[in-house]
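Worksheet for the structure shown next.
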Amino acid sequence: MNNNLNLLSDYFRQKYGERLQKVSIDAGFTCPNRDGKSGIGGCTYCNNSAFNPSYCSPKKDIKQQILEGIEFHQKRYRRAKKFLAYFQPYSNTYADINKLRKIFFEALEIEDIAGISVSTRPDCINIETAELLAEIAKYKIVILEIGIESVRDKTLKRINRGHSFKETIKSFEIANKFNLFTTGHYILGLPGESREDILNDVEILNSLPMNAIKLHQLQIIRNTAMEKDFRNNPNDYQLFELPEYINFVVEFAKKLRKDILIDRFAGEVPPEYLCAPDWGFIRYDKILQLIKNKF
């Protein structure tokens, strides 16, 4: 049992001496389960508009998005001075290596950018991409965020991920070979997965060579395939109410390997995009405080 609250934000403060704030960028990527390579329609739960900040748009160039993002965060977090260019929407390694090089280095040229955080899928990571990120990591901060979502192929198929868990394992092994800092995304409460299943997953997650984890409670987003499935098959979904989630995610976190840092405990979606569950208007910092109190 790991009773320590190992937050990635605290690790960054200790290592770099101050807060590192992510600035989201939409560089115009897509996904292999959208363009037909692995499937069409994308993940059933996905509506990128639900988490894209207002300044983040592929209609703007990368520099403009970053400068507007820095201005936005300096108003919201007045102590923010160092920033990570966060390539967030869709699969941000799903492109030719020369295009990736151009995009990543364009972001790194901006003065206050200390590094990059790149969010992607397991089937969009290969040796060539890992080599590029390792090259950048020699002089800048690099975080590779990999969408695990579930460890069960049955679930991955149902949510239209378009890859297997075997590919997830391979992606972390490639990243580990190049000593990349990795964060795994994992969703708690996907259809067909019980509370017991989720807690049992921790042993599998602990076996992955990852440095950090980002946890999300399942949220049903409006205008997604999952919203339709949720309405048609409500008994397949065990959504968390807030008090239960606080208790459960703390139990889950205490089972994690002691060296795994926690990037986030929960997702946050604007109310107009959210179908269920209804936690009221509560920001992530309040949820984090409830979790800290429980620890």
Side-chain angles (χ1 to χ4, degrees), residues 2 6 8 11-12 15 29-33 37-39 43 84 86-88 90-101 103-104 115-157 159-188 190 193 197-216 252-253 255-264:
N2 178 17
N6 299 322
L8 181 61
Y11 168 81
F12 281 153
K15 185 168 184 177
F29 288 95
T30 184
C31 294
N33 65 340
K37 182 177 180 180
S38 300
C43 303
L84 297 177
Y86 184 22
F87 293 88
Q88 182 179 17
Y90 302 110
S91 302
N92 293 273
T93 57
Y94 188 45
D96 172 82
I97 195 68
N98 293 319
K99 180 180 179 180
L100 294 179
R101 177 180 289 276
I103 289 172
F104 295 157
I116 58 175
S117 184
V118 181
S119 181
T120 193
R121 292 160 47 94
D123 56 348
C124 295
I125 298 169
N126 54 38
I127 297 295
E128 193 175 31
T129 302
E131 285 179 336
L132 171 61
L133 294 174
E135 176 188 338
I136 297 170
K138 290 178 181 178
Y139 70 99
K140 289 284 188 177
I141 300 167
V142 172
I143 301 172
L144 178 60
E145 300 194 13
I146 302 174
I148 303 168
E149 318 312 0
S150 175
V151 303
R152 293 177 182 79
D153 287 341
K154 181 180 179 181
T155 303
L156 293 172
K157 184 176 181 179
I159 62 176
N160 198 40
R161 283 292 289 176
H163 66 79
S164 67
F165 184 62
K166 184 177 180 180
E167 289 171 280
T168 302
I169 296 171
K170 182 180 178 182
S171 68
F172 278 98
E173 289 175 344
I174 291 173
N176 187 56
K177 180 180 179 181
F178 288 89
N179 296 313
L180 294 172
F181 188 101
T182 52
T183 297
H185 290 217
Y186 176 85
I187 301 174
L188 291 84
L190 285 168
E193 296 189 352
D197 289 335
I198 297 168
L199 290 177
N200 288 337
D201 285 354
V202 180
E203 185 175 350
I204 300 171
L205 294 169
N206 283 340
S207 70
L208 296 174
M210 65 179 170
N211 303 92
I213 192 166
K214 183 180 284 188
L215 302 172
H216 306 257
F252 182 97
K255 291 178 176 289
L256 288 169
R257 250 182 22 235
K258 289 185 177 181
D259 63 319
I260 293 180
L261 301 160
I262 297 177
D263 187 348
R264 284 183 74 92

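We number each residue from 1, following the sequence as shown.
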### Heavy-atom pair with the smallest gap, counting every atom of Ile159 and Glu149
CD1-CB, 4.4 Å
### Message
With a 6.0 Å cut-off (strictly less than), is the heavy-atom count around CD of Glu203, excluding the residue itself, greater than 12?
### Response
no
### Task
State, yes or no, whether a side-chain contact exists between Val142 and Val118 at a heavy-atom distance under 4.5 Å.
no
### Query
Any side-chain heavy atom of Ile148 within less than 4.5 Å of one from Leu208?
yes
### Message
Looking at Asp263 and Leu8, would you say the former's side chain and the latter's main chain have a donor-acceptor pair under 3.5 Å?
### Response
no
### Task
Calculate, to the nearest 0.5 Å, the distance between atoms CG and OG1 belonging to Leu205 and Thr168 respectively.
10.0 Å
### Message
I'd like to know whether CD of Glu135 has more than 12 heavy-atom contacts from other residues, nucleotides or ligands below 6.0 angstrom.
### Response
yes
### Task
Would you check if His163 and Pro32 make a side-chain contact, meaning some heavy-atom pair closer than 4.5 Å?
no
#### Entry: side-chain contact (heavy atoms from CB on, under 4.5 Å) evaluation trace for Tyr86 with Ser119
CA-CA 8 Å; Tyr86 184 22; Ser119 181; 4.1 Å; yes
### Query
Are the side chain of Asp153 and the backbone N or O of Phe165 linked by a donor-acceptor pair below 3.5 Å?
yes
### Message
Determine whether a donor-acceptor pair (N or O, by modelled atom type, separation under 3.5 Å) exists between the side chain of Asn179 and the backbone of Ala134.
### Response
no
### Task
Before giving the answer on salt bridge (Lys or Arg N to Asp or Glu O under 4.0 Å), spell out for Arg161 and Asp123 the whole-Å C-alpha distance, their side-chain angles and the decisive distance to 0.1 Å.
CA-CA 10 Å; Arg161 283 292 289 176; Asp123 56 348; over 6 Å; no
### Message
For the CD atom of Glu193 and the OG atom of Ser150, what is their distance to the nearest 0.5 Å?
### Response
3.5 Å
#### Entry: Side-chain heavy-atom pair Tyr11, Asn211 within 4.5 angstrom cut-off
no
### Message
With a 3.5 Å distance limit and no angle check, can you tell me whether Arg257 reaches the backbone of Met210 through a side-chain donor-acceptor pair?
### Response
yes
#### Entry: Minimum-distance pair of heavy atoms, taken over all atoms of Lys177 and Ile127
NZ-CD1, 4.5 Å
### Task
With rounding to the nearest 0.5 Å, note down the distance linking CG in Leu156 to OG in Ser164.
8.0 Å
### Message
Which label fits Tyr186 and Phe252: parallel for a plane angle under 30°, tilted from 30 to 60°, or perpendicular past 60°?
### Response
parallel
### Query
Between CG of Leu132 and CD1 of Ile97, what distance do you get to the nearest 0.5 Å?
4.5 Å
### Query
Are the side chain of Thr93 and the backbone N or O of Cys124 linked by a donor-acceptor pair below 3.5 Å?
yes
### Message
For a quick test of reading the model, state the closest non-hydrogen atom pair linking Ile143 to Phe12 and the distance between them.
### Response
CD1-CZ, 3.4 Å
### Task
Find out whether Thr120 and Tyr94 are in side-chain contact, i.e. whether some heavy atom of one side chain is under 4.5 Å from a heavy atom of the other.
no
### Summary
Of all heavy-atom pairs linking Ser171 and Ile146, the shortest is OG-CG2, 3.7 Å
### Query
Above 12 or not: heavy atoms from other molecules or residues under 6.0 Å from NZ of Lys170?
no
### Interatomic distance, Phe181 atom CZ to Glu145 atom CD [nearest 0.5 angstrom]
9.5 Å
### Task
Report yes if some heavy atom in the side chain of Ile262 is under 4.5 Å from a heavy atom in the side chain of Asn6; otherwise report no.
no
## Note on the structure
On a heavy-atom basis, the closest approach of Ala95 and Phe29 is CB-CE2, 3.6 Å
### Task
Please round to the nearest 0.5 Å and tell me the distance separating atom CD of Glu131 and atom CD1 of Ile136.
12.5 Å
## Note on the structure
Which of Leu133, Asn92, Leu84 passes side chain to side chain contact (heavy atoms under 4.5 Å, CB included) with Ile116? Answer is Leu133
### Query
Ala175 and Thr182: which non-hydrogen atoms are nearest, and at how many Å?
CB-CG2, 3.5 Å
